[in-house]
Amino acid sequence: MRRNYLLLIVMLLAGIMPTVCVGETTSAMYVSKTDGSSFSHGLSGIQNVTFKDGNLCVNFTSGTTESYGISGITKITFKNDQSGVTSVKAAVRGIYPSMAQSTVALRGFEGEVEICIYSVDGSLLCSIRQDAQEPVYVGNLAHGIYLLNVNGQTFKFCKR
């Protein structure tokens, strides 16, 4: 009996005995959530992954789609992926501060952008082109709620 255990240990150390590790050799996307849970999907079954309207959307080769709120996700990793992708950078676009006094800054935009400011009734108040790194001057607006459209993407802000 002791000899059998010794033989088993030697075989494991020598790598002669095949080991079974579920998922270790399968390429997969692993997602960790803020509640401590996690899930994974095999990459062979995923057609594409997109980020839309605050969600991670996984489109499967079967034609189905699953969406997960980005705010509930802490980490996305890819294991045994042979695609050559070494990192994924999320570009979150937006404006800040949402309660502005004199300027609003853009986040996630690069180069020259087209900016339109609308009142809440939809009236165009201002249209400019400028570098995305420059703050947008809103000091001349009356106190209230406005819509700021940057290259076709609209954000709400309050001028105080």
Side-chain angles (χ1 to χ4, degrees), residues 21-160:
C21 297
V22 177
E24 285 297 315
T25 59
T26 304
S27 297
M29 175 182 72
Y30 295 86
V31 179
S32 301
K33 298 175 69 178
T34 55
D35 64 4
S37 65
S38 63
F39 61 90
S40 65
H41 294 293
L43 292 183
S44 62
I46 297 176
Q47 181 175 349
N48 64 24
V49 177
T50 59
F51 295 92
K52 182 177 181 185
D53 300 326
N55 290 309
L56 165 71
C57 301
V58 181
N59 300 306
F60 296 97
T61 55
S62 64
T64 60
T65 300
E66 291 184 15
S67 296
Y68 308 96
I70 293 174
S71 61
I73 296 174
T74 58
K75 185 177 180 182
I76 302 171
T77 56
F78 296 90
K79 300 286 186 186
N80 298 320
D81 179 23
Q82 303 299 317
S83 70
V85 175
T86 56
S87 67
V88 178
K89 179 180 176 184
V92 178
R93 290 186 167 180
I95 63 171
Y96 63 94
S98 59
M99 297 286 290
Q101 289 185 348
S102 61
T103 62
V104 174
L106 306 179
R107 178 180 49 223
F109 292 93
E110 294 180 8
E112 188 175 83
V113 292
E114 183 175 346
I115 300 167
C116 297
I117 299 175
Y118 297 91
S119 62
V120 288
D121 68 1
S123 301
L124 177 63
L125 303 176
C126 173
S127 179
I128 60 171
R129 291 190 72 77
Q130 72 176 45
D131 187 85
Q133 303 307 310
E134 297 295 320
V136 180
Y137 181 71
V138 296
N140 57 339
L141 299 173
H143 296 264
I145 298 173
Y146 296 91
L147 302 173
L148 186 126
N149 184 290
V150 183
N151 289 349
Q153 195 168 3
T154 304
F155 307 95
K156 178 176 68 172
F157 74 96
C158 182
K159 167 64 169 69
R160 55 181 178 166

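The figures here come from the full heavy-atom set of this structure, side chains too, leaving out hydrogens, waters and symmetry mates.
Taking CD1 from Ile115 and OG from Ser127, the interatomic distance works out to 9.0 Å, rounded to the nearest 0.5 Å. In this structure, CZ in Arg107 is found 12.0 Å from CZ in Arg93, a value given to the nearest 0.5 Å. The OG atom of Ser102 sits 11.0 Å away from the CG atom of Leu141 when rounded to the nearest 0.5 Å. Rounding to the nearest 0.5 angstrom, the gap separating the OG atom in Ser98 from the CG atom in Leu148 is 12.5 Å. Taking CD1 of Ile145 as the start and CE of Met99 as the end, the distance is 8.5 Å to the nearest 0.5 Å.
Residues passing the side-chain hydrogen bond (donor to acceptor under 3.5 Å, both in side chains) test with Tyr68, sequence neighbours excluded: His41, Glu66. Residues meeting the ring pair (Phe, Tyr, Trp, His ring centres under 6.0 Å) test with Phe157, sequence neighbours left out: Tyr146. With sequence neighbours left out, the side chain to side chain contact (heavy atoms under 4.5 Å, CB included) criterion links Ser119 to Asp121, Ser123, Leu125. Residues satisfying the side chain to side chain contact (heavy atoms under 4.5 Å, CB included) criterion with Thr74, sequence neighbours excluded, are Ser32, Thr34. Here Tyr96 pairs with nothing under the ring pair (Phe, Tyr, Trp, His ring centres under 6.0 Å) rule; sequence neighbours left out. Take Glu114 and apply the salt bridge (charged side-chain N to carboxylate O under 4.0 Å, His left out) test, not counting sequence neighbours, and it matches Arg129. Partners of Ser71 under the side-chain hydrogen bond (donor to acceptor under 3.5 Å, both in side chains) rule, at least two apart in sequence or in another chain, do not exist in this structure. Considering only residues two or more places apart in sequence or on other chains, Ser44 meets the side-chain hydrogen bond (donor to acceptor under 3.5 Å, both in side chains) condition with none of them. Residues passing the side-chain hydrogen bond (donor to acceptor under 3.5 Å, both in side chains) test with Ser37 are Asp35, sequence neighbours excluded. Among residues two or more places apart in sequence or in another chain, the side chain to side chain contact (heavy atoms under 4.5 Å, CB included) test is passed with Asn48 by Thr50, Asn59.
Scanning both residues, Lys52 and Cys57, for their nearest heavy atoms gives CB-SG, 4.4 Å. Between Val113 and Glu110, the shortest heavy-atom contact is CG1-O, 4.3 Å. The minimum heavy-atom distance linking Leu124 with Cys116 is given by the pair CD1-CB, 3.8 Å. Here the shortest heavy-atom pairing between Thr103 and Val138 reads N-CG2, 3.9 Å.
Looking only at side-chain heavy atoms (C-beta outward), Leu147 and Phe155 stay at 4.5 Å or farther from each other. In this structure, Val58 and Val31 have side chains that are not in contact, with every pair of non-hydrogen atoms separated by 4.5 Å or more.
Applying the side-chain hydrogen bond (donor to acceptor under 3.5 Å, both in side chains) test to every pair with at least one member in residues 150-160, sequence neighbours left out, gives these pairs: Asn149-Thr154. The ring pair (Phe, Tyr, Trp, His ring centres under 6.0 Å) contacts involving residues 107-141 comprise nothing, where partners must be two or more places apart or lie in separate chains.
Formation of a donor-acceptor pair under 3.5 Å by the Asp131 side chain with backbone atoms of Gln133 is found in this model.
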>> Let's go through Ile46 and Phe60 carefully: what are the C-alpha distance in whole Å and the side-chain angles of both, what is the deciding distance for side-chain contact (heavy atoms from CB on, under 4.5 Å) to 0.1 Å, and is it a yes or a no?
In response: CA-CA 4 Å; Ile46 297 176; Phe60 296 97; 4.1 Å; yes
